[in-house]
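For the numbers below, each heavy atom of this structure counts, side chains included, while hydrogens, waters and symmetry mates do not. Quantities reported herein were computed from a predicted structural model and do not represent experimental measurements. Sequence lines set the chain letters: A, B, ... in the order given, protein chains first and strands last, and positions in each chain run from 1.
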Amino acid sequence: MEHIVIIGNGISGVTAARHIRKLSNKKITIVSSETDYFFSRTALMYVYMGHMKFEHTQPYEKWFWKKNKIDLKKGYVKSIESKNKLLHFSNGETLSYDKLIIATGSKPNKFGWPGQDLDGVMGMYHKQDLENLEKYAPNNKVCKRGVIVGGGLIGIELAEMLSSRDIPVTFLVRESSFWNGVLPEGESAMINRHIKNHHIDLRLGANLKEIKADENGKAKSVVIAETGEEIACDVVGLTAGVSPNIDFIKGSKIETGRGVKVNRYLETNITDIYAIGDCAEQYESIDQRRPIEAVWYTGRMMGETVARTICGNRIPYNPGHWFNSAKFFDIEYQTYGWVFSKPRENEAHFHWIHKDDTKCITVCYDTNTNKFLGINTFGIRMRHEVFNTWLNEERDVDFVMKNLSKANFDPEFFKHYETDIFNAFKNNLITT
Amino acid sequence: MATIQRNMSLTGDVSDHLNPLQKTGTIIGFGGLVILMYSLFGDIEDKALWLTIALIALAGGILLFSKGLYNDKLKGIKNHGVWFKSISSRGFWGWLAGITLTGFYVILYFYEGLLGANPDGNTGLIALFDPLSKFLSGNPASQWFVYGTLYTVAILAFGIKFIWKYKHNRYEQLRTISVMFFQTAFAFIIPELMARLNSDSFSLPYNDLKNMWPLNYYAFDGWRVDQFINAGNIGLAFLIFGILSVFVISPFLTYKYGKRWYCSWVCGCGGLAETAGDSFRQLSDKSMFAWKVERWVIHSVLAFSVVMTTAVISTYLGYDSEKYWLTKDIFLISVAVFLGLLFAVIWYFKKEELKKDARYGAIGYLVIVLALIGIHYFSGTQNNKVFIFESGDLRSFYGFLIGSIFSGVIGTGFYPLLGNRVWCRMGCPMAGILGLQQRLFSKFRITTNGGQCISCGNCSTYCEMGIDVRSYAQKGENIVRASCVGCGICSAVCPRGVLKLENGPQKGRINPTEVLLGNDVDLMDLVNKS
């Protein structure tokens, strides 16, 4: 019986395993050094905030793995011997495979800051990071202030986490406005204000110079590069993005760039070795996606795809229209299609913001053809299926704006803003 | 605080302290309780005054506490520290509250004398409520009046707390206003006022119009039916409304909106669970095992209630055959025909949809019910012997086991231990019927938004019915479950806007998917090759 070994028990690896099981009777082993069971990484924040217990983040009960004959092995893979199809573990054990799926995900970026490895300095990615945070920031008596370095999705989540325990937070964001490499100006500015409304000390255009240690080797303060200001703190969160977690592969014959290089079939340069999820790097970008996509659902889709290939139906990874979502404190964000932070050539943005400063949308369209290209929505839920259809049908922006209420996904009895938005859109066309 | 499960917290001291307003609210609320407790033992002179003070203190304390908790917060989800607080995570205060509530229910149902119910006039706590009862109905209070008053105060005060908590969510607010209204008007004030109409020549039974059979298991007891019939047109109208509610109104509304129209918009049990019980919704068991237990238990209770009610009705029809136009035999035959037809229709239309064990269950119960009726009809036993049991015994056994122990002592007393909907999930025969309707013939579903789910688990954690919502959402499937009461909290707590309660066409309501939206696998290609 063919033995499929998957390194990594995140969403990519587990989805691959589930789909291989659906399609075949192959022997499946999932290896992880992080946890015994699959958990939802995106939910770690809710454990710290007391919304959930850790076991709630595990989507499957323990019997699930046995029932579906998916073996779970805890261990750290030190190296891959592809010639003999053998994995070497850090404790000296080995495991042989017939096909190998690398799904090891990401690790937090560190940019060589002085003090980045001190006690009390951590990313927010692994379960171990959460345990660390519990240790160094259990409450606002032990942790008088937390400093977060890096203004992205994880940074703002960490800010929400610490503030849920009434720990004062200083949030260092390199950019001139929160996440404005991705978000258009109006949206980014609204989120800046929302962050401040949550009493976060938001420092825009601020870089970290160094983290200073106390006599026990624990972080005691950070120094801001631009001003030289020293901020006393007990915890430092490094949230300046993530990169593929593939150090153990370096030195093997598997081709790597920033991630494990794969083709559209998620195959590496070595036969019978595949890579999926955050750690995979496409030779060529698909559509306007990045070659490495550290997104929950792309990991899941790659898992769905690679399972078919492994079970004899070789199909390419073919992600459809871009979509994503996030939550910034109380404001939900969804995006469908492409809306870049600044309109590109022959593109225009239409921006609408509600006066309560917690809801806005930005629609991107082609100025030559009027084709609808994408939408960002904040504080208003939209239907994935509807936008997917409209993007497939290449609808123009007027159609989308006229029919926006069909895409509304807010709960029943919520106030609707489509008329406001449509009127603003019409006025906008008249004035410009 | 020793039993508190801190999960990953090492020092344990997290932000679950009370601010000054919350402390004041707690003290005032407990002050109200102290007055009630005092009345149990000491004699209170000015009852009307002290009752007013006690009830205002209770409600005011809850409101002050809520103001302290939510007033200066921005709109959004308010679940910080739920699993750190001892009351909401089965810690010390949770257990204490559970034991206290359970004790209260045991006394209420079985030792009402301790509360001051005496044949020669009320004393103690019940006497304290006399002024209010006399003001409303003209009669002295009973333990049930005391309970009803406290129940209503709890739904109103905790209802406002809930509305405050969900100040960003109109669905939650409206349905809470709805349960507050139905409890206050239909369950409390109207029946009390209607008691004023009663005289020597005219008398209506205490009647909460929204409390339908089989939740109201005594709805068709002989004495009630007699009273209705004797009360002329008004009584008859109530009786007919009661029957229509069960067979016409509720199936129609459930078809249109799902069982939520009742369970989380109208019902009193649901009302208490959603308001006073809101802090405990995360304690429901989400395991597959719990789901299996749930299906067996709730449908057993439903079958039990059908058998019991049939037995009771056929008994009094048999006693006084000339009094009713319906004879016992015709009644029994109609019940058998009705159940048989119902089962045939379900079998014909929904055979494929039903899971295997549900089919076994349905067949099993149908056989039991029909067999019991058959035994009775063909063996021609005496009228006081119904089926193989005495109907009176069956009725008291049901009343004791289901009416008192399950719905009261366990259902509400165990809020802080098993979650706020144990009764609704495991025991309520009304929820059982509405659930079957919702699962089989309804437009209601919770829609999953394409491929946006990140499997975080907030939806499952906060589902009071113990539905593993995430297991559907992460597969891109709509949630169509018999037990869902449509409280809407899964949708509210979802950080990615994935879930929406909707009424829509039957087609596409249940949508098992092979690959989620977003992954452009050529599906025809996929089907051909695999």
- Message: If we define contacts as heavy-atom pairs under 4.5 Å, which of A:F409, A:Y297, A:Y46, A:F329 has the most with chain B?
- Response: A:F409
- Message: Quick check for you: among B:L74, B:N449, B:V493, which has the greatest number of heavy-atom pairs under 4.5 Å with chain A?
- Response: B:N449
- May I ask you to decide if B:Q474's main-chain N or O and B:S455's side chain share a donor-acceptor pair within less than 3.5 Å? no
- What orientation do A:Y417 and A:H354 show, parallel under 30°, tilted 30 to 60°, or perpendicular over 60°? perpendicular
- Item | Region of B:S460 in contact with chain A, defined by heavy-atom distances below 4.5 Å | neither
- Task: Please check if any side-chain donor atom of B:T254 sits under 3.5 Å from a side-chain acceptor atom of B:Q438, or the reverse.
- Result: no
- Query: Is any side-chain N of the basic residue among A:E304 and A:R308 closer than 4.0 Å to the acidic one's carboxylate O?
  - Reply: no
- Query: Do side-chain atoms of B:N19 reach the backbone of B:G68 as a donor and acceptor pair under 3.5 angstrom?
  - Reply: yes
- Message: Among A:S40, A:S325, A:A326, which residue has the highest count of heavy-atom pairs closer than 4.5 Å to chain B?
- Response: A:S325
- Under 3.5 Å, is there a donor-acceptor pair between the A:N9 and A:T35 side chains? yes
- Query: Does one side chain, of A:H56 or B:N458, offer a donor that lies under 3.5 Å from an acceptor on the other?
  - Reply: no
- Structural part of B:L174 lying under 4.5 Å from a heavy atom of chain A: side chain
- Counting a contact as any heavy-atom pair under 4.5 Å apart, which residues of residues 495-505 of chain B contact chain A? B:P495, B:R496, B:G497, B:V498, B:L499, B:K500, B:L501, B:E502, B:N503
- Contact class of B:D468 relative to chain A, heavy atoms under 4.5 angstrom: side chain
- Under a 4.5 Å heavy-atom cut-off, does chain A meet the side chain of B:S88, its backbone, both or neither? neither
- Between A:Q334 and A:Y336: side-chain donor-acceptor atoms closer than 3.5 Å: yes
- Between A:M382, A:M301, A:K327, which shows the greatest number of heavy-atom pairs under 4.5 Å with chain B? A:M301
- chain B heavy atoms under 4.5 Å from A:W322: which part of the residue, side chain, backbone, both or neither? neither
- Message: Let's test your reading of the structure: which of A:L44, A:L133, A:T298, A:N388 forms the most heavy-atom pairs below 4.5 Å with chain B?
- Response: A:N388
- Task: Please confirm whether the backbone N or O of B:N478 pairs with a side-chain atom of B:N511, one donor and one acceptor, at under 3.5 Å?
- Result: yes
- Query: Do A:E55 and A:K53 meet the salt-bridge criterion of a basic N to acidic O distance under 4.0 Å?
  - Reply: yes
- In plain terms, say whether A:R165 and A:E160 are close enough for a salt bridge, that is, a side-chain N and a carboxylate O under 4.0 Å apart. no
- Salt bridge flag under 4.0 Å for residues A:R193 and A:D357: yes
- Query: Can A:R41 and A:E34 be counted as an ion pair, charged N to O under 4.0 angstrom?
  - Reply: yes
- Message: Is it the case that the ring center of A:H321 lies less than 6.0 angstrom away from the ring center of A:F387?
- Response: no
- Task: Could you verify whether a donor N or O on one side chain and an acceptor N or O on the other, from A:H198 and A:D330, lie under 3.5 Å apart?
- Result: yes
- Side chain, backbone, both or neither: which part of A:E61 has a non-hydrogen atom closer than 4.5 Å to chain B? side chain
- Message: I'd like to verify something: which residue of A:A43, A:P319, A:P411, A:G320 has the highest number of heavy-atom pairs under 4.5 Å with chain B?
- Response: A:G320
- Query: How would you list, in number order, the residues of residues 278-290 of chain B that have a heavy atom less than 4.5 Å from chain A?
  - Reply: B:K286, B:S287, B:M288
- Non-hydrogen atoms of chain B under 4.5 Å away: do they reach the side chain of A:Y333, the backbone, both or neither? neither
- Task: May I ask you to check whether A:Y265 and A:Y317 place their ring centres under 6.0 Å from each other?
- Result: no
- Item | Winner by heavy-atom pair count (cut-off under 4.5 Å) against chain A, out of B:T461, B:L517, B:V82, B:T447 | B:L517
- Between A:N324 and A:T335, do the side chains contain an N or O donor and an N or O acceptor separated by less than 3.5 Å? no
- Counting only heavy atoms closer than 4.5 Å, note whether B:S471 contacts chain A via side chain, backbone, both or neither. neither
